*Asks:* 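Structure below; questions to follow.
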Amino acid sequence: MKVIIVGGVAGGASTAARLRRMDEHAEIIMFERGPYVSFANCGLPYHIGGSIPEREKLIVTTPQTLRETLNIDARPNHEVISIDRAAKTVTVHDLKTDQTFTESYDKLVLAPGASPVVPPLPGLDLPGVFVLHNIPEMDAILAWIKEHNPRRAVVVGGGFIGLEVAENLVERGMQVSVVEMLPQVMAPFDFEMAQMIHQHLKLHHVDLHLGDGLKGVRVDADHLSVDLGSGAALPAGLVILAIGVRPENALAKAAALELGPKGHIVTNPHMQTSDPDIYAVGDAVQTTHFQTNEATSLALAGPASRQGRAAANHMAGKKSRFSGVVGTAAVKVFDLTAASTGLNSRQLEAAKLPYYSVTVHTNNHVSYYPGAAPVCLKLLYGPEGQIYGAQAIGSSGVEKRIDVLATAIRGHLTVYDLEELELSYAPPYGAPRDPVNNAGFAAANQLRGEMPLKYWSEVKNLNPEEWFLLDVRTPEELALGEIPGAVNIPLQVLRQHLGELPRGKKILVNCQSGQRSYFATRLLQQHGFEAYNLSGGFKTYAAAIENFCQSDECEKKAMSAVVSPQASESKSSQPNQGGKEYQLDACGLQCPGPVLQLYNQVKQMQEGDVVTVKATDFGFASDVGAWARSTGNTLLSLETKEGQIVARVQKGLEQAANPTSSAGSSQAREKKDLTMIVFSGDLDKALAAFIIANGFASMGQKATLFFTFWGLNILRKDVAPQVDKNVIEKMFGMMMPQGANKLSLSQMSMMGMGTRMIKEIMKEKNVASLPELIATAQKNGVRLLACQMSMDLMGIHKEELLDGVEVAGVATMAESATESNTHFFI
Ligand code: FAD
């Protein structure tokens with residue numbers, strides 16, 4: 001049997017090697033277009049960042065080794081340019097000699113992979129714009145970095161390749177922006193899980209542009225400018241496109257093999273194409289989803305390799321089938337691992353499968369053994385307990401849990417089986433109740449009706465007439481933030497306060513992680529209340545509602561929470577003049593543990609003393625900033641070191657000076673900022689508000705506008721997106737003006753005539769229109785806050801508001817007002 005293989009990397013090389021093991025006599029020729037066979041594409045980003053320092057380590061094997069050990073004739077620099085199915089030959093172009101020749105086959109294997117998507121947009125062929133898919137492309141990126149030493153890079157695409165590239169460019173000392181058209185990175189994850197990745201990217205100073213598309217790249221003076229759909233222009237010395245891949249199907253198409261709707265080569269479980277003598281494997285093929293049986297594709301190395309094995313077995317006459325994919329994947333994002341398997345919420349909704357989910361936050365191993373760190377694990381399952389999917393994020397032990405759950409999916413286990421799983425345990429590795437068991441317990445409890453659940457996304461739509469929100473954390477934890485309207489009764493004293501709870505209402509209970517609220521839910525249920533637990537607790541809720549997107553103000557806010565790199569470097573390295581220094585090791589504690597320890601430590605310190613806290617719960621990175629702000633203390637620096645969060649906190653506000661000013665100065669920052677509450681939805685008042693705000697912004701001062709009641713109408717988009725509303729909300733929406741263009745004057749409106757006249761006069765006198773003033777304000781960093789409570793009352797949803805508007809509670813406005821010395825109410 002003579003077998004020709006097209007493509008010599010993951011799929012092609014696996015096919016060749018397995019075939020040789022099954023058939024010593026087959027003649028195997030493997031053509032590879034590029035200069036290397038069997039190289040490690042998965043390692044390319046890590047050589048750029050330096051964690052794989054030796055380039056040659058990426059070249060897993062050579063044609064010579066393949067010849068010597070497996071008698072495989074591997075020919076790099078050979079491109080197969082056509083297939084003659086009738087004659088069973090391929091035409092090959094030798095790229096080195098420029099010769100063309102034909103080669104016959106008994107069986108042909110197509111393993112041509114997928115190529116990076118490069119959309120037809122202007123400037124993507126400019127020097128400095130790259131894709132990363134093979135060794136020559138990696139070499140070109142490294143050569144560019146060496147020659148031009150770029151300080152800023154833009155990575156387009158927030159999938160796993162984009163994030164790996166972004167991390168590795170940061171490792172090289174670049175300031176990196178990631179642009180992603182979807183509202184989240186890592187599409188396999190549900191939104192609130194991806195939010196934890198956003199939070200972590202921000203911690204590492206990656207500038208995130210979510211929900212924004214690439215418009216083009218151009219040269220601007222001595223650098224590139226990456227233009228986005230939103231109008232933002234990001235300066236860059238290096239641009240990497242990681243937008244996705246499309247199957248290399250030119251050969252298959254020309255040979256009239258059947259292709260799927262997205263251009264993948266259709267295969268059967270033996271990996272045969274529509275021509276039984278032609279097999280296809282890897283990124284180029286369409287396969288089936290193990291769970292839904294739907295046609296799908298998955299551009300990952302594991303499936304490519306196993307498909308190669310299945311194809312080789314079948315060619316060698318063995319009974320072998322490729323049983324489809326569930327989509328198990330992992331990605332390193334700086335100190336975190338994010339891994340997922342099976343179906344996510346969007347896929348389940350698309351497949352119209354009823355499902356539930358639980359989110360548990362538990363440590364990777366027992367907390368008393370050093371290095372304990374939380375794993376956030378979300379499990380999705382059906383009404384019969386069938387496991388649909390799982391997603392996990394944490395700094396250690398994440399992929400282990402996802403692999404167990406991937407195996408559970410393959411074995412058709414249920415959440416009830418997860419309760420029973422016997423998993424390895426010793427203090428350095430796990431706990432007697434592994435996170436997988438815990439997820440199983442929580443899911444099974446929910447299905448058995450022992451723990452009814454509500455989810456973060458449902459909170460804002462709960463009718464206060466029907467629902468009572470109960471927060472069972474300790475009062476100290478409230479400094480981390482609260483769900484608007486929730487009443488705090490700590491779990492420890494709940495039994496004594498049962499009489500204060502409304503009998504006629506349903507009770508939604510939250511704590512920080514979902515565990516104490518579970519206890520409270522059980523307690524309340526047994527006292528006759530209809531109680532629900534908030535899945536994932538305040539931790540999941542807070543991560544989900546945080547705005548990590550790109551607007552200037554949003555970015556500043558995130559940066560102020562994490563402290564700019566310069567500030568963190570300069571301040572953390574400086575001795576604390578005057579005050580005492582304390583150390584606090586909160587490693588192994590889950591939030592709110594580190595914050596509570598910090599609270600107790602700071603209580604014992606004097607004004608000006610500084611404590612350095614170390615924690616392994618990465619949630620602490622966002623909590624510590626919020627805690628310091630709301631308790632009047634100062635976060636001096638925040639950084640990650642060897643997988644730990646290290647925060648320096650000074651008691652009191654003495655050092656809340658401008659981060660760029662000297663740390664020794666005890667001069668408090670002079671308050672010059674503006675906070676304005678915009679209550680009115682009248683055109684003239686809105687114009688005044690924005691003119692004043694822009695004035696402050698132009699003086700370099702911070703301006704925050706808090707829009708409440710009718711003021712919210714100013715922020716509504718002209719064309720509202722489709723959102724689910726009840727009848728009253730719909731009616732309310734129709735009765736109110738839809739955005740800045742629809743407002744009318746507070747006086748002399750004269751059935752709209754006055755409004756039209758003033759707009760004409762403004763045009764004539766070159767005064768910017770209200771939408772223009774709003775855009776300028778946003779560009780200048782004016783912070784626009786929409787009052788959560790008013791939105792709930794008026795049935796306005798976040799999606800209906802202009803991009804970049806933050807939804808906030810009164811506490812956020814109050815925090816900003818405390819920072820300001822000018823306050824207006826319009
Ligand atoms: P490839 O490995 O791409 O090989 C196809 C080869 O065919 C190419 O070398 C191409 O030159 C050659 N070829 C194409 N047409 C012809 C022709 N006409 N004639 C001759 N040769 C031809 N997957 C994971 O599971 N985990 C990871 O962490 C991971 N990280 C990645 C990081 C990067 C930067 C990249 C680019 C990919 C990563 N992947 C990862 C994906 C994984 O590498 C692919 O899924 C896998 O390599 C697919 O194997 P394949 O054989 O189908 O295609």
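Whatever order the structure lists them in is the order used to number ligands and atoms, beginning at 1. Heads up: numbering here begins at 1 and tracks the sequence. As the structure is a prediction and not an experimental result, all values here were calculated from the model.
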*Asks:* Determine whether a donor-acceptor pair (N or O, by modelled atom type, separation under 3.5 Å) exists between the side chain of Gln184 and the backbone of Phe189.
*Replies:* yes
*Asks:* Taking 4.0 angstrom as the limit and counting only heavy atoms of Phe31, give me the atoms of ligand 1 inside it, by number and element.
*Replies:* 20 (C), 21 (N)
*Asks:* Salt bridge (charged side-chain N to carboxylate O under 4.0 Å, His left out) for Arg55 and Asp139? Distances and angles first, verdict last.
*Replies:* CA-CA 9 Å; Arg55 180 180 178 279; Asp139 289 341; 2.7 Å; yes
*Asks:* For Pro76, does its backbone N or O pair with a side-chain atom of His78 as donor and acceptor, under 3.5 Å?
*Replies:* yes
*Asks:* At a 4.0 Å threshold, what atoms of ligand 1 neighbour a non-hydrogen atom of Gly11?
*Replies:* 49 (O), 50 (P), 51 (O)
*Asks:* Counting N and O atoms only, with roles assigned by atom type, does the side chain of Arg85 sit under 3.5 Å from a partner on the main chain of Ala255, one being a donor and the other an acceptor?
*Replies:* yes
*Asks:* For atom 5 (C) of ligand 1, tell me which residue out of Ala111, Gly282, Gly7, Gly162 has the closest non-hydrogen atom.
*Replies:* Ala111
*Asks:* Could you give me the CA-CA distance, side-chain angles and deciding distance for Ser82 and Thr91, then say whether side-chain hydrogen bond (donor to acceptor under 3.5 Å, both in side chains) is met?
*Replies:* CA-CA 5 Å; Ser82 66; Thr91 307; 3.1 Å; yes
*Asks:* Identify the protein heavy atom lying closest to atom 45 (O) of ligand 1, giving its residue, its atom name and the separation to 0.1 Å.
*Replies:* Asp283 OD1, 2.7 Å
*Asks:* Taking C-beta and beyond as the side chain, do Val206 and Phe334 meet within less than 4.5 Å on heavy atoms?
*Replies:* yes
*Asks:* Looking only at protein heavy atoms, identify the closest one to atom 49 (O) of ligand 1 and say how far it is in Å.
*Replies:* Ala10 CB, 3.2 Å
*Asks:* Please identify which atoms of ligand 1 are closer than 4.0 Å to at least one heavy atom of Pro45.
*Replies:* 34 (C)
*Asks:* Which ligand 1 atoms are under 4.0 Å away from a heavy-atom of Ala299?
*Replies:* 41 (C), 45 (O)
*Asks:* For atom 40 (C) of ligand 1, state which one of Pro112, Ala13, Cys42 supplies the nearest heavy atom.
*Replies:* Cys42
*Asks:* Please work out, at 4.0 Å between heavy atoms, whether the side chain, the backbone, both, or neither of Ala250 comes within that distance of ligand 1.
*Replies:* neither
*Asks:* Among Gln307, Met30, Glu32, His133, whose heavy atom sits nearest atom 8 (C) of ligand 1?
*Replies:* Glu32
*Asks:* side-chain hydrogen bond (donor to acceptor under 3.5 Å, both in side chains) with His93: which of Asn77, Asp98, Thr100?
*Replies:* Asp98
*Asks:* Examine ligand 1 and decide if any of its atoms is less than 4.0 Å from a heavy atom belonging to Tyr36.
*Replies:* no
*Asks:* Which residue and non-hydrogen atom of the protein lie closest to atom 23 (N) of ligand 1, and at what distance in Å?
*Replies:* Ala301 N, 3.3 Å
*Asks:* With heavy-atom distances below 4.5 Å as the criterion, would you say the side chains of Pro35 and Leu95 are in contact?
*Replies:* no
*Asks:* Please name the pair of heavy atoms, one in Ala17 and one in Leu70, separated by the smallest distance, quoted to 0.1 Å.
*Replies:* CB-CD1, 3.9 Å
*Asks:* To check your reading of the model: name the closest protein heavy atom to atom 3 (O) of ligand 1, its residue, and the distance in Å.
*Replies:* Asn41 ND2, 3.8 Å
*Asks:* Taking atom 53 (O) of ligand 1 as the point of reference, which of Ala40, Gly113, Ala114 owns the nearest heavy atom?
*Replies:* Gly113
*Asks:* Would you say Leu132 touches ligand 1, if touching means a heavy atom closer than 4.0 Å?
*Replies:* yes
